[in-house]
Amino acid sequence: HVQLVESGGGSVQPGGSLNVSCAISGRLDSSYCLGWFRQAPGKERDMVARIDSDGSTRYADSVKGRITISKDNAKNTLHLRMTTLIPEDTAVYYCAADWGPTCRYLSWPSGKYIAVWGQGTQVTVS
């Protein structure tokens with residue numbers, strides 16, 4: 001079965017950059033969608049970015065132009081590169097994997113249908 005393990009994260013000053021990664025073990029369905037979600041204290045978990053098996057990407061409006069999602073297929077690792085970080089980016093960041101019809105659900109960014117979650121990694125901007 002699929003397992004996800006995040007790494008990276010930490011503390012950075014506003015305007016700085018940070019990378020988080022997610023090692024993927026197990027076999028993904030050929031039609032998958034992978035994402036990064038984040039949850040700040042007292043707030044719901046929301047999608048930050050998503051990449052599909054066809055290479056297409058989507059981003060939350062709040063991070064467009066500052067955050068890039070990518071997948072290293074050779075190493076089966078998902079990356080999130082974050083630049084120009086602001087205090088509002090402070091949250092626990094979660095890697096997520098899904099596949100099949102639920103990837104096409106309009107409500108997918110809510111995280112309700114995610115098949116597998118990572119354990120999360122803290123990102124603090126202050």
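Please read these numbers as outputs of a predicted model, since none were measured by experiment.
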Which donor-acceptor pairs under 3.5 Å do side chains of residues 64-74 form with protein atoms, sequence neighbours excluded?
from: K64; atom 1: NZ; to: D61; atom 2: OD1; distance (Å): 3.1
from: R66; atom 1: NH1; to: T84; atom 2: O; distance (Å): 3.0
from: R66; atom 1: NH1; to: D89; atom 2: OD2; distance (Å): 2.7
from: R66; atom 1: NH2; to: S62; atom 2: O; distance (Å): 3.0
from: R66; atom 1: NH2; to: D89; atom 2: OD1; distance (Å): 3.0
from: R66; atom 1: NH2; to: D89; atom 2: OD2; distance (Å): 3.4
from: K71; atom 1: NZ; to: N73; atom 2: OD1; distance (Å): 2.7
from: K71; atom 1: NZ; to: N76; atom 2: OD1; distance (Å): 3.4
from: D72; atom 1: OD1; to: A74; atom 2: N; distance (Å): 3.1
from: D72; atom 1: OD1; to: K75; atom 2: N; distance (Å): 3.1

M47 with L34, same ILVMFWY side-chain cluster at under 4.5 Å: no
D54 backbone acceptor or donor facing D52 side chain under 3.5 Å: no
Any side-chain heavy-atom pair of D46 and Q39 under 4.5 Å: no
Of all pairs that satisfy disulfide (SG to SG under 2.5 Å), the ones with a partner from residues 75-126, not counting sequence neighbours: C22-C95, C33-C103
Distance in Å, H1 NE2 paired with R27 CZ, rounded so as to fall on 0.5 Å steps: 16.0 Å
Under 3.5 Å donor-acceptor, T121 side chain and G8 backbone: yes
Partners passing side chain to side chain contact (heavy atoms under 4.5 Å, CB included) against P41 (at least two apart in sequence or in another chain): none
Qualifying residues under side chain to side chain donor-acceptor pair (under 3.5 Å), relative to T57, sequence neighbours excluded: none
Min side-chain heavy-atom separation V20-V123 under 4.5 Å: yes
Residues in side chain to side chain contact (heavy atoms under 4.5 Å, CB included) contact with E88, at least two apart in sequence or another chain: I86
Contacts of type side chain to side chain contact (heavy atoms under 4.5 Å, CB included), residue S107, not counting sequence neighbours: Y105, S110, Y113
Side chain to side chain donor-acceptor pair (under 3.5 Å) partners for Y94, two or more places apart: none
Within one Ile-Leu-Val-Met-Phe-Trp-Tyr cluster: V92 and V125, side-chain cutoff 4.5 Å: no
Residue pair A91 / A40: nearest heavy atoms and the distance that separates them: CB-N, 3.8 Å
Partners passing side chain to side chain donor-acceptor pair (under 3.5 Å) against Q3 (at least two apart in sequence or in another chain): none
Closest approach of L28 to V2 (non-hydrogen atoms, all atoms of both residues): CD2-CG2, 4.0 Å
For the student: nearest non-hydrogen atoms of I114 and A97, plus distance: CG2-O, 3.6 Å
Residue pairs, two or more places apart or on separate chains, that pass disulfide (SG to SG under 2.5 Å) and touch residues 64-93: none
Test side-chain contact (heavy atoms from CB on, under 4.5 Å) applied to L85 and T90, T124, V63, L18, the passing residue: L18
With A23 via side chain to side chain contact (heavy atoms under 4.5 Å, CB included) - residues at least two apart: none
ring-ring contact (aromatic ring centres under 6.0 Å, His included) contacts touching residues 32-83 (sequence neighbours left out): F37-W108, F37-W117
Gap between atom CG of L78 and atom CZ of R50 - 0.5 Å precision: 12.5 Å
Audit row: L4, E6, side-chain contact (heavy atoms from CB on, under 4.5 Å) steps and yes/no: CA-CA 7 Å; L4 308 173; E6 296 100 336; 5.6 Å; no
Pairs meeting criterion salt bridge (charged side-chain N to carboxylate O under 4.0 Å, His left out) with involvement of residues 96-116, two or more places apart: none
Under 3.5 Å side-chain donor-acceptor pair for S31 and D29: no
